[in-house]
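What follows is one structure encoded as structure tokens, with my remarks underneath.
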Amino acid sequence: MFSVDKRTIAEFMKNYISDLTVEEIKDLIEIPPSDMVYSYALPTFHLAKIEKKAPALIAQDLSKEVELPEFLNNIEAVGPYLNFKVKDFMILENIYKSKDQYGIIREILNKKKEEKLRIVVEYPAPNTNKPLHLGHIRNMLIGSSISNIFKYKKHHVFEVNLYNDRGIHICKSMLAYKLLGDNKNPDKKPDHFVGEYYVKFSELKDQDEEIIDDAQEMLKKWEEKDSEVRKLWKKLRNWAIKGFEETYKELGITFDKIYYESEYYWKGKQLIIEGLKKELFNKEEDGAIIAPLEEKFNLPNKVLLRSDGTSLYITQDIYLAFLKKNDFNYDKSIYVVGNEQKLYFKQLFAVLDMLGFEEDKYHFSYGMIYLPEGKMKSREGNVVDADDLIEEVKRLAYDEVDNRYDNLSEKEKDKRARIIGMAALKFFILKMSPKTEFVFYPKESISFEGETGPYVQYVYARIESIIRKSERKITLTINQGIFQDNTELKLIKQLNYFPEIIDTVAKNYDIHLIPQYLLTLCQVFNSFYSSCPVIQEDKELEDARLLLIRCVQIVIKQGLKLLGIETLEEM
RNA sequence: GGACUCGUAGCCUAGCCUGGAUAGGGCGUCGGACUUCUAAUCCGAAAGUCGCAGGUUCAAUUCCUGCCGGGUCCGCCA
């Protein structure tokens, strides 16, 4: 096997270009427009400047000068570009032999040495007083996908969750339950049950502002470990978590470790006080401890400890950073949190740096999801509930399946509905750049046509169907020069980019490149599908096309797997 | 007030970090394609001052400055 990427082309061209380094050439190489079958292109504008020759002439001269290497089909000058076409068969051979490992083929072939890192990924860190919503879904999909990608790259990944399970917001649900709950057990999904009392608290507060004092009183008792309050707290918290776990299961996510804020929130205090002793921080007249970030970091100062000496959110987060390092001895720690907390994380990381905790920390921030009526706010109840949404996409998918294949068993219909519905939901969110903010229109957003998860799954199923119907066995012994059709060549071209896409995603956290890549691949496939019959008289061509479509299938399956999306052999 | 961020056809979105081939897709609209491997598909068409104005460059959607418009955040919430 031999895998060709930008670097391979650059190393080859270095033989003919003395004015630039391999690295410089590599950075110049681009991917030609999609209607061309060339895999890579070298624009000659830079060389033109150095050599004081017309770009088109340089491309011409180079094309005459170069000796075609084994891994290329041809090299051609087109205007100011020198275009390269990677040998078709080599690409298919790479995929067919390396199977699901194709995305990391360069590592396997040892062309690329990568350090194996220990990486901690923290998400979604919900509050334990209300159910998960659409924002959490985006968070979880991003968190688990980036974890999948790092795992695929053979890093040692630890997915950790953190429960914000203490504080005034928790006591609000507790108080409402105490007053109105009649000591009932949940009669629905337990996190929804708990969430109802959070909403009920708001209603109580509308009637009587002073109820907030009772919640404060309850918080005080909680901190004093009052056994009654703790008992109530434990009951509600466990219900909430039990409910969350059902949702995690639906989404297919699991965690290696769970942190509970309640178990360590006070421990950060010690670190702050030590910092104060080292004169890293300042004590205000009223007793609050402040991190001076303005001069050194050009950030607003941050309060680390309240004037009454109690912890703030950042107090415990500072401790947690040390705790995670201690637990996992990580090389890199990733926090998947929305972009509204960008400043907060800059401040947190700055404070940690001041404390000498100079680990590799990264805030993986993503854009907020808005509703047509504005920002989602749990308190006001204008949220898209995660479980409702999951149910809805499954229901919509069920109807699609039911309309097409009425005679399937209920069990099979449900299975397909689950896999297709979840694909639609996950793909819809992951195909957009994590940075993009978007408005979610509940009725229109989930579709099964166009740029969707089911569109990609459909290609997979179509291929499976062809392979099932063909009498031939898939083999690597094909006529290597047989691919002539434009759609065949474009399909093979596209297949070659998968490993480079994976690299870019791991480097830049651009998860959406995977869905975008798969869409392009599937669009080219569907084009191929309508113009090139696979099963046919010419068995030599059939064999070659069978191999080609199997390779497409391998890449689709692995690409979707990284996104937590399953494939179906029939749909 | 300050910091950050976004503005690409009627709607949604990719490309911007690292400037280069006629700015890719999708939805919707209009017109075609199921006696042939699954039409959740494909083919074609109409639709764009890449917010506006400057600047840098052989070359700007991409980099820089200013402006206009939206959003998020800004010491004792989480």
Side-chain angles (χ1 to χ4, degrees), chain A residues 27-28 30 32-36 41 43-46 48-49 55 78-81 83 125 127 164 166-169 261 284 286-293 298-308 310-317 338-344 346-347 367-368 370 374-375 397 400-401 403-405 420 424 431-433 435-439 441 444-445 447-459 461-470 508 510 512-513 515-516 519-520 522-523 525-536 542 545 549 570-571:
Chain A
D27 288 340
L28 289 176
E30 44 191 88
S34 58
D35 52 320
M36 293 184 119
T44 54
F45 302 101
H46 282 78
K49 206 164 202 178
V78 180
Y81 292 88
N83 293 322
N127 295 337
N164 298 122
R166 55 128 229 141
I168 188 68
H169 55 292
E261 190 194 344
E284 300 274 284
D286 62 6
I289 298 179
I290 311 282
L293 304 175
N298 197 25
L299 292 170
N301 293 341
K302 185 77 181 165
V303 177
L304 303 178
L305 213 53
R306 283 199 190 89
S307 47
D308 65 2
T310 57
S311 306
L312 286 157
Y313 189 75
I314 194 168
T315 322
Q316 58 89 21
D317 233 3
N339 65 10
E340 58 187 355
Q341 293 199 43
K342 263 184 134 162
L343 176 60
Y344 169 78
K346 281 184 190 169
Q347 292 174 316
M368 300 282 97
Y370 297 87
K375 200 177 172 182
E400 298 282 338
V401 173
N403 286 340
R404 288 178 176 78
Y405 310 101
I420 294 168
K431 78 175 177 195
M432 268 183 265
S433 162
K435 291 187 178 65
T436 299
E437 303 187 336
F438 66 93
V439 179
Y441 297 90
E444 299 144 45
S445 289
S447 162
F448 299 87
E449 288 170 17
E451 297 177 317
T452 64
Y455 176 89
V456 178
Q457 289 174 317
Y458 187 59
V459 167
R462 274 180 146 182
I463 294 174
E464 190 60 34
S465 171
I466 298 171
I467 291 171
R468 209 162 38 227
K469 284 191 178 155
S470 170
N508 298 343
D510 287 330
H512 67 298
L513 294 184
Q516 297 288 343
L519 284 173
T520 307
C522 290
Q523 279 158 358
F525 172 84
N526 277 324
S527 203
F528 158 84
Y529 180 89
S530 59
S531 60
C532 298
V534 174
I535 298 168
Q536 58 175 302
E542 179 170 333
R545 286 180 172 166
I549 64 173
E570 281 181 80
M571 70 180 275

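The model shown is predicted, which means the values in this text are computed figures rather than measured ones. Letters go in sequence order (proteins before strands), and every chain restarts at 1.
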Between [X] and [N], does any side-chain N or O lie under 4.0 Å from OP1 or OP2?
| X | N | result |
| --- | --- | --- |
| A:R404 | B:A40 | yes |
| A:Y458 | B:A40 | yes |
| A:K435 | B:C17 | no |
| A:K375 | B:C73 | yes |

- Side-chain donor or acceptor of A:N301 paired with backbone N/O of A:L293 under 3.5 Å: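 Pair found, side chain donor or acceptor close to backbone of A:L293.
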- pi-stack flag for A:Y455 and B:A40, centroid dist under 5.5 Å, interplanar under 30°: no
Partner residues of [X] under the ring-ring contact (aromatic ring centres under 6.0 Å, His included) criterion, sequence neighbours left out:
| X | answer |
| --- | --- |
| A:F448 | none |
| A:Y441 | none |
| A:Y458 | none |

Identify whether any heavy atom of [X] sits under 4.0 Å from a base atom; if not, whether one sits that close to sugar-phosphate; answer base, sugar-phosphate or nothing.
| X | value |
| --- | --- |
| A:S34 | nothing |
| A:R468 | nothing |
| A:F448 | base |
| A:N526 | sugar-phosphate |

- Message: Generate the contact string for nucleotides 55-64 of chain B. Rules: B means base contact, S means sugar-phosphate contact only, - means no protein heavy atom under 4.0 Å.
- Response: ---B------
- Taking everything shown except A:D286 itself, do over 12 heavy atoms lie less than 6.0 Å from its CG? yes
- Those residues at least two apart in sequence (or on a different chain) that pass side-chain hydrogen bond (donor to acceptor under 3.5 Å, both in side chains) with A:E340 are A:K375
- Message: Counting Watson-Crick and G-U wobble pairs with both distances under 3.5 Å, what is the dot-bracket string for RNA chain B, 5' to 3', using [ ] for crossing pairs and | for pairs to another strand?
- Response: (((((((..((((......[...)))).(((((.......))))).....(((((..]....))))))))))))....
